[in-house]
Undergrad: 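The structure that follows is given in the form of structure tokens.
Both ligands and their constituent atoms are indexed starting at 1 by order of listing. Just so you know, these numbers use all the heavy atoms, side chains as well, and skip hydrogens, waters and symmetry mates.
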Amino acid sequence: MRVVDLIEKKREKQELTKEEISFLLSEYLKGNVPDYQMSSFLMATYFNDMTADELLEFTTIMRDSGDTIKFDEIDKFLVDKHSTGGVGDKVTVVLAPVLAALGMGTAKLSGKGLGHTGGTIDKFESIDGFKFSNTRDELVSVANKTGIGLMGYSDKIVPLDKKLYSLRDVTGTVPSIPLIASSIMSKKLAIQSDVIILDVKVGDGAFMKDIEHAKELAKRMIEIGKDAGRKVKVVLSNMDEPLGYSIGNANEITEAIETLKGNGPEDLKEIVYAIASLALKAKGEIKELSEGKSKIEEVINNGSALKKLSEFISESGGNGNLVNDYNLFPQPKSMTEVFSEKDGYVSKIKAEEIGKAAMNIGAGRATKEDIIDHAVGIKILKKVGDKVNKGEKIAEIYYNDDKNVNNSRSMILDAYVIQSDKVDKQKAILEIIE
Ligand code: URA
């Protein structure tokens, strides 16, 4: 078999056989296919898509390129939730303790943030002494005590995705529906769970810029799951503004804690409630999603979800008391305010721009090697639909190093789209696909 023939086949929109896909991917993993040929194949895929059979084979081979993990010793209904990447996305920090308080377990691999999107690992690492589980056995031990099992991705799980993603990143082939679907689902299928719930972000700050593409991505991921005998549910959620008000790391954990105390922003609550309700329904505890709300509110109002988070932090090496003492978080040295330059209504807050403004002051990584400053971040004070007056405060920047602060201020001003006509508040959940 020759790789060039497979590239030409994809270029001509012909379907590749299982053997051909297997040959291409396994030889690439072994280092026998050069990056220039794989780049060409990825670009042909970007334009010509994959059939359902091709996608399933591609995903299966990716999954089997490394270790798969089972959690047989965790005697709980296991939920694996995954977001396609957002700005201000602290859903896991709220959701995992809520699920634990509802008697379910989370067994989830989390990533580090890169570019304008943040990662759950970085947010938790803003807690002094906090150590993420590094191995399956550590995750099982923490999850059995607290119901929350989170672990960083290791190089041994789907190593082919790591190699392909790095290449996609520099060849303009990241935003391809079959390539995203196989990348995400290969990692989900490598981990045991009872239900996979995917939060597909839609809008300015997301890979999927519009609802049609997001629905197509959701459909393809559900199909892959079904073929592999797994339950997959999807929420399509809005990323035409950051989620909640805080963007950074320590500040996102405190916003998550406030949500567990019942003081959370509406959009964050909406997503957590939707995903937790999907989990309850998948477990068979409720028949309709609408029955979930009262159960979730109960574990928030009686403090049991907050207690789960505190236990998880203590079990992971941090001080669980910080859920009631925010002085235990790293503190930024300075704060500066950002004032609106216009009168009107906020019609959009370009999430990617806000994510980059936070990255600029050290809250995120421009390259994998960058070190994060966990104390710094941005607080937005106005959301889509809010009225603003010229000169009114719209954001606060918390920082340690003033080098890029003015740059971040300009980016925040640029991110706020303000119009004279009244604008409706946005819904966080655009659609739920079961
Ligand atoms: N997240 C992933 O894991 N892979 C992609 O390709 C895009 C988002």
Undergrad: Go through the structure and list residues passing side chain to side chain donor-acceptor pair (under 3.5 Å) with Asp80, not counting sequence neighbours.
TA: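 Lys188.
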
Undergrad: Do Ser176 and Arg168 pair up side chain to side chain, a donor and an acceptor below 3.5 Å, judged on atom types alone?
TA: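 Their side chains do not contain a donor-acceptor pair, so the 3.5 Å distance test is not met.
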
Undergrad: Under 3.5 Å, which donor-acceptor pairs do the side chains of residues 35-47 form with other protein atoms, sequence neighbours left out?
TA:
{"residue": "Asp35", "atom": "OD1", "partner": "Tyr28", "partner atom": "OH", "Å": "2.9"}
{"residue": "Ser39", "atom": "OG", "partner": "Asp35", "partner atom": "O", "Å": "2.6"}
{"residue": "Thr45", "atom": "OG1", "partner": "Phe41", "partner atom": "O", "Å": "2.9"}

Undergrad: One thing to verify: whether Lys383 and Asp267 come together as a salt bridge, which I'm taking to mean a side-chain N less than 4.0 angstrom from a carboxylate O.
TA: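 Salt bridge between Asp267 and Lys383, a charged N being under 4.0 Å from a carboxylate O: yes.
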
Undergrad: Going by the rule side chain to side chain donor-acceptor pair (under 3.5 Å), which residues pair with Lys295 if we only count those two or more places apart in sequence or in a different chain?
TA: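 Once residues adjacent in sequence are excluded, Lys295 has no partner under the side chain to side chain donor-acceptor pair (under 3.5 Å) criterion.
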
Undergrad: Between Lys269 and Glu266 (salt bridge meaning N to carboxylate O under 4.0 Å), is one present in this structure?
TA: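 Salt bridge present between Lys269 and Glu266.
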
Undergrad: For ligand 1, what are the residues with a heavy-atom contact below 4.0 Å?
TA: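 Ligand 1 pocket, heavy atoms under 4.0 Å: Tyr165, Arg168, Ile180, Ser183, Ile184, Lys187, Phe207.
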
